[in-house]
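Reckoned from all heavy atoms, side chains included, excluding hydrogens, waters and symmetry mates.
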Amino acid sequence: MQAAPSNPLRPAVSCRGLRKIYDARGLPGRGARAAVVAVDGLDLEIRRGECFGLLGPNGAGKTTTVEILEGILEPSAGQVELLGMSWARDEVRLRERIGVALQETRLPERLSVTEVLDLFRSFYPRSRPVAALLADVELTEKRAAWVGKLSGGQRQRLAIACALVGEPDILFLDEPTTGLDPQSRRQLWDLALRFRAAGGTIVLTTHYMEEAARLCDRVAIIDHGRIIKEGSPAELIRGLGAQHVIEFALEGGAAVAEPDLLALPAVTGARLSADGVCALTVSEPARALPALIALVSGRGAALGRLETRHATLEDVFVTLTGRHLRDG
């Protein structure tokens, strides 16, 4: 898999003061209410050769942001550059240098895999041979199969092959593994990693924290149209002040006051979810766990659930926004 050469002196993607405002009159059921600000003054720079993730719940503005970067939507304000070019001046050149794979791509079901790739190859002045594309996405044995006969994972791999056909510099992956089984998901991860290893740049949106941690060099957490935190997955997790999480729940719906939990040794944060599960971020589980058990026992309560694990990007997101990534 080979990414197209590019000028390393400019970032792959850059935007400044990006805004997108939807007129409420154009939105169903909005009546005369105020306009909706989907993206609110977003600044972003993505380096060449990295995989950059945009994380956020539905309605956070990440899909709108990506569609602006892809040239599908026009921003209400702000500047966008890809590879040193803009959509206003260089649309044709940019279309030849980006690849886009959507969460769900509708392809003609009565065309064969080879016919689909030949069709997409005709859109580009330069393109990869069909045999090489099929080998990259592990669909060589399905080259004569109709699209309608492919499994969900095979269809998504074909969609990514279509995105790679023009040897793009930048590959946009919008929720690429939603609904796929674990094996298909890991096959797509391998595809993305090979593209990045060849020098390509990836812009990824995902709801899967394991996916973001595995693929992304850096991520931006977006909420209400703004970037609220940006950095590598490891940096964001370190920003919690602890690398571990203790989750527990008490039998009978009992609760422990937050100040008492924060007073426990090695505890740096505490949050209670709607289902009664409390999550403690801790720097040293070996110190925090015995103290927690002693506190619960001293109150005459009993633990109904207890789990320790490493902190994740999901913990970062919940700490910053008070919501889980999949919350609308």
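A donor-acceptor pair under 3.5 Å is absent between the side-chain atoms of Ser232 and the main chain of Arg218, judged by distance alone. A donor-acceptor pair is defined here as one N or O able to donate and one able to accept, closer than 3.5 Å; such a pair exists between the side chain of Thr201 and the backbone of Gly49. Of the possible polar contacts, none joining the Lys20 side chain to the Pro75 backbone as a donor-acceptor pair under 3.5 Å is found. Within the 3.5 Å criterion, the main-chain N or O of Tyr208 finds no donor-acceptor partner in the side chain of Glu211. Between the side chain of Arg185 and the backbone N or O of Thr178, no donor-acceptor pair lies under 3.5 Å. Formation of a donor-acceptor pair under 3.5 Å by the Ser112 side chain with backbone atoms of Trp146 is not found in this model. Judged by distance alone, the side chain of Asp174 and the main-chain N or O of Thr205 form no donor-acceptor pair under 3.5 Å. For the pair Arg19 (side chain) and Gly78 (backbone), a donor-acceptor distance under 3.5 Å is absent.
Applying the 6.0 Å contact sphere to CZ of Arg309 captures more than 12 heavy atoms from other residues, nucleotides or ligands. With a 6.0 Å radius and a threshold of 12 heavy atoms from other residues, nucleotides or ligands, Glu307 has its CD atom above the threshold. Within a 6.0 Å sphere centred on CD of Glu247, heavy atoms belonging to other residues, nucleotides or ligands number more than 12. Other residues, nucleotides and ligands contribute at most 12 non-hydrogen atoms within 6.0 Å of the NZ atom of Lys142.
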List the steps and the verdict of side chain to side chain contact (heavy atoms under 4.5 Å, CB included) for Arg157 and Glu138. CA-CA 8 Å; Arg157 278 184 277 150; Glu138 300 178 35; 3.6 Å; yes
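Taking CD from Glu314 and NE2 from His207, the interatomic distance works out to 9.5 Å, rounded to the nearest 0.5 Å.
Gln183 has its side chain out of reach of Leu180: every pair of non-hydrogen atoms, C-beta onward, lies at least 4.5 Å apart. With a 4.5 Å cut-off on side-chain heavy atoms, Leu236 and Val219 count as touching.
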